[in-house]
Student: 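My questions will all concern the structure given below.
Small disclaimer: the values here were computed from a predicted structure and weren't measured. Order of the sequence lines fixes the chain letters, A, B, ..., with proteins taken first and strands second; residue numbering starts at 1 for each chain.
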Amino acid sequence: GAVVSQHPSWVICKSGTSVKIECRSLDFQATTMFWYRQFPKQSLMLMATSNEGSKATYEQGVEKDKFLINHASLTLSTLTVTSAHPEDSSFYICSAPQAGGTDTQYFGPGTRLTVL
Amino acid sequence: KQEVTQIPAALSVPEGENLVLNCSFTDSAIYNLQWFRQDPGKGLTSLLLIQSSQREQTSGRLNASLDKSSGRSTLYIAASQPGDSATYLCAGGETGANNLFFGTGTRLTVIP
């Protein structure tokens, strides 16, 4: 099946710094990728939809200036958490539907962000 | 907006038992429904995908059903094994978009 990777798998940073998380589709092209956030013992919540070549669309309550998304190519989307704070500590997961496929979503392994 | 609920939140069964996990959703105009498995601290593994025109899908010991009229889906696991221990998430897809609305999950523990 299709593979989606994320880097880094975990990151610890100080409050106020920015963190970039990469999401790559390894063996297929993805014009759209999704970014989810999962707090402990909660389910995944969609943050934003990343669109190749255009601006991302954000869900209600997600600050676009804080969570910068860049979908520069058909295989790479990046999420940058700017000026991270402890409340941003979470598990961030990206997913991508395979273009022209069967609507199956392929998920990355996730990135654990801890902000001190 | 689709709201997805899963009951129970946690379930413990002895090895070998058959079990059913429940998922309910509010919008019957669901495009598809997926069941995922998530191991602690890990990403998601897709188990089964049911399109809105389908009623069920099977893969090995897993069988998932979809009843749009009642807003329910079930995941049936036959002959459970300790390796089945994980959190199971259901997620509904909406027409015209690919993003998924996730339930809160059922944490399954299969006791050897």
Student: With side-chain contact (heavy atoms from CB on, under 4.5 Å) as the criterion, how do B:Leu49 and B:Gln57 come out once you've worked through the C-alpha distance, each side chain's angles and the decisive distance to 0.1 Å?
Tutor: CA-CA 7 Å; B:Leu49 167 68; B:Gln57 284 286 332; over 6 Å; no
Student: Please classify the contact of A:Leu44 with chain B as side chain, backbone, both or neither, using a heavy-atom distance under 4.5 Å.
Tutor: both
Student: Has B:Ile111 got more than 12 heavy atoms of other residues, nucleotides or ligands less than 6.0 Å from its CD1?
Tutor: yes
Student: Kindly give the heavy-atom pair with the smallest separation between A:Phe91 and B:Lys42, and that separation in Å.
Tutor: CE2-O, 3.3 Å
Student: Which one wins on heavy-atom pair count under 4.5 Å against chain B: A:Gln6, A:Lys41, A:Gln38?
Tutor: A:Gln38
Student: So what's closer than 4.5 Å to chain A heavy atoms on B:Leu44: side chain, backbone, both or neither?
Tutor: both
Student: According to the interplanar angle, ranging from 0 to 90°, do the rings of B:Phe102 and A:Phe107 count as parallel (below 30°), tilted (30 to 60°) or perpendicular (above 60°)?
Tutor: perpendicular
Student: Around atom CD of B:Gln81, are there more than 12 heavy atoms of other residues, nucleotides or ligands at under 6.0 Å?
Tutor: yes
Student: State whether the side chain of A:Thr82 and the backbone N or O of A:Lys66 hold a donor-acceptor pair below 3.5 Å, judged by distance alone.
Tutor: yes
Student: Would you say that more than 12 heavy atoms from the other residues, nucleotides or ligands in this model lie under 6.0 Å from the CZ of B:Arg55, or not?
Tutor: no
Student: Between chain B and each of A:Ser95, A:Pro109, A:Pro40, A:Gly110, count heavy-atom pairs under 4.5 Å; write down the option with the most.
Tutor: A:Pro109
Student: What part of B:Phe101 lies closer than 4.5 angstrom to a heavy atom of chain A: side chain, backbone, both or neither?
Tutor: neither
Student: Taking B:Gly103, B:Ser46, B:Gly105 one by one, which has the highest count of heavy-atom pairs under 4.5 Å against chain A?
Tutor: B:Gly103
Student: Sort B:Gln38 into side chain, backbone, both or neither according to what part of it lies under 4.5 angstrom from a heavy atom of chain A.
Tutor: side chain
Student: Output yes when a side-chain donor or acceptor of B:Thr109 lies under 3.5 Å from a complementary backbone atom of B:Ser85, and no otherwise.
Tutor: no
Student: Using 0.5 Å steps for rounding, measure from the NZ atom of A:Lys55 to the CD1 atom of A:Ile69.
Tutor: 13.5 Å
Student: Who in residues 62-74 of chain B is close to chain A, using a strict under-4.5 Å heavy-atom cut-off?
Tutor: none
